[in-house]
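Here is the naming used below: chain letters follow the sequence lines, and residue numbers restart at 1 for every chain.
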2 protein chains.
Amino acid sequence: MTDIDTSPIPERKRGSGVKMVYDLLRDEILDLVLLPGSPIDEVQLAERFKMSRTPIREALVRLAGEGLIDTLPNRSTMVANIDFLNMHTFFDALVLMYRVTTKLAAQYHRPKDLKVIRAHQVEFAAAVQAQDALAMISTNAALHSAIAEAGRNTYFTGLFNRLLDEGRRMLRLYYQSYDDRLPQRFVEEHDDIIAVIANRDIEEADRLAKLHAEQIVYQIQKLFAREDRLDMAL
Amino acid sequence: MTDIDTSPIPERKRGSGVKMVYDLLRDEILDLVLLPGSPIDEVQLAERFKMSRTPIREALVRLAGEGLIDTLPNRSTMVANIDFLNMHTFFDALVLMYRVTTKLAAQYHRPKDLKVIRAHQVEFAAAVQAQDALAMISTNAALHSAIAEAGRNTYFTGLFNRLLDEGRRMLRLYYQSYDDRLPQRFVEEHDDIIAVIANRDIEEADRLAKLHAEQIVYQIQKLFAREDRLDMAL
DNA sequence: TGTATACTATTTGTCGACAAGAATTTTTGG
DNA sequence: CCAAAAATTCTTGTCGACAAATAGTATACA
């Protein structure tokens with residue numbers, strides 16, 4: 001008697017395939033499992049997910065739309081590179097979105113939003129406590145994304161989430177070593193920001209968000225500068 | 001001798017089909033040739049463009065990514081509706097992008113950018129002179145898009161262009177009659193804005209852009225209010 | 001007559017295959 | 001031995017067809 005392929009879960013629901021591939025590839029790109037510049041092979045993915053190339057390609061088109069992969073016509077497609085030369089444009093956009101989303105959250109949030117926001121803040125504090133740099137990045141992003149949601153402007157949340165994703169990718173490059181940690185100060189700043197949102201103090205929300213964002217940008221730049229020096233030493 | 005199908009241009013270059021369908025559908029949606037809510041039939045499009053459904057679907061996925069069409073899983077796909085209820089979020093985003101892109105243009109523009117910007121302004125002035133409302137909309141969008149390009153921040157230009165597209169769609173709804181015209185004042189405001197950009201006066205660029213944007217928003221809201229009254233009269 | 005069920009039809013999601021371009025290797029000519 | 005041309009391999013873009021899901025229609029039953 002020969003072995004019969006008793007595939008555990010060969011049945012996929014119609015239409016779920018694209019989303020599964022999209023989500024997984026997206027995570028792998030943002031977590032740097034797939035490094036920037038590495039090629040993406042449709043056939044390989046088709047084999048890996050046990051499906052035809054058609055849904056794979058649809059997922060890739062979506063990712064290309066978000067700028068996570070680059071597609072050269074009739075040629076290879078690869079994970080988008082990180083543009084370190086124009087980093088300041090990223091920081092400009094990030095700071096502005098921090099400010100405007102926090103401001104709008106102070107203006108339009110509902111009681112239920114605060115519960116969600118505070119839950120994320122608890123997780124962020126725990127990550128800082130545990131000195132888990134990677135967890136800090138993701139919980140910080142989740143917290144600010146929740147604040148943006150409370151502002152209820154899809155145009156801003158859309159751009160902001162995109163920026164947070166891109167930031168997650170950049171920081172992964174530098175936090176590989178796990179030996180860095182964001183200062184406790186950020187936890188307190190978050191608490192202050194949440195407080196002014198709850199108080200609906202719009203001007204103060206803008207001011208604190210600006211300071212907070214600039215602190216984070218400064219922190220990142222300091223990190224990059226240190227790495228640059230290490231690179232030069234080699 | 002029977003008629004032979006001497007199709008004029010049956011040959012399409014490999015890979016050009018998707019872009020062609022995407023561009024054309026995009027224009028038709030933004031120009032309201034395809035009205036919001038109207039269904040999109042893949043098979044019909046495939047026949048119309050004389051190609052298989054695969055490239056059609058790829059174009060549709062891209063359009064969905066930009067929010068121009070809505071896709072219900074396993075069901076119909078249709079042109080995205082315009083969200084009149086949350087119009088203020090659109091205006092918020094539009095005003096902010098007007099400001100920040102103008103500001104960055106004052107900061108980072110190069111001589112060549114000004115030439116392009118001024119050319120667009122000439123076209124806008126001509127449209128106002130000709131009292132061609134539709135041309136005013138598109139030339140105004142082109143002008144501000146060019147200003148944004150001079151600011152050299154892809155995150156902002158991306159969101160801004162998206163907003164301008166959405167605005168183009170909204171205004172088409174109200175400018176069908178061709179009997180409206182933007183005031184000459186906007187031409188002068190544009191001239192002032194271009195002047196401060198050329199002078200690299202960042203603060204003044206922000207101030208003028210804010211005033212200009214709020215004027216435009218006010219104009220649009222006035223237009224909508226009038227239409228609402230007409231609707232109610234029916 | 002109204003409602004629930006079965007059937008049909010339309011539309012979408014997926015598949016395997018083929019063909020066009022580009023990259024790579026092999027062959028040919030100097 | 002090297003360079004240009006030819007052949008091959010490999011990947012992508014497109015196609016026609018099939019199958020699943022849903023909508024619409026007809027039928028059966030109370």
Q) Going by the salt bridge (Lys or Arg N to Asp or Glu O under 4.0 Å) test, which pairs reach into residues 146-161 of chain B, not counting sequence neighbours? A)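 For residues 146-161 of chain B, and leaving out neighbouring residues, the salt bridge (Lys or Arg N to Asp or Glu O under 4.0 Å) pairs sorted by first residue read B:Asp113-B:Arg152.
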Considering residues at least two apart in sequence or located in another chain, which fulfil the side-chain hydrogen bond (donor to acceptor under 3.5 Å, both in side chains) criterion with [X]?
X	result
A:Asp27	none
A:Ser52	A:Thr54
A:Glu123	none

From CE of A:Met78 across to C1' of D:dT12 the rounded distance in Å is 16 Å
Please report, to 0.1 Å, the donor-acceptor pairs under 3.5 Å made by any side chain of residues 58-69 of chain B, with sequence neighbours excluded.
from    : atom 1 : to      : atom 2 : distance (Å)
B:Glu66 : OE1    : B:Tyr22 : OH     : 3.2
B:Glu66 : OE1    : B:Arg26 : NH1    : 3.4
B:Glu66 : OE2    : B:Tyr22 : OH     : 2.3

With sugar-phosphate taken as primed atoms, P, OP1 and OP2 and all else as base, the protein-contact string of nucleotides 8-18 of chain C at under 4.0 Å (heavy atoms; B, S, -) is ----BBBB-B-
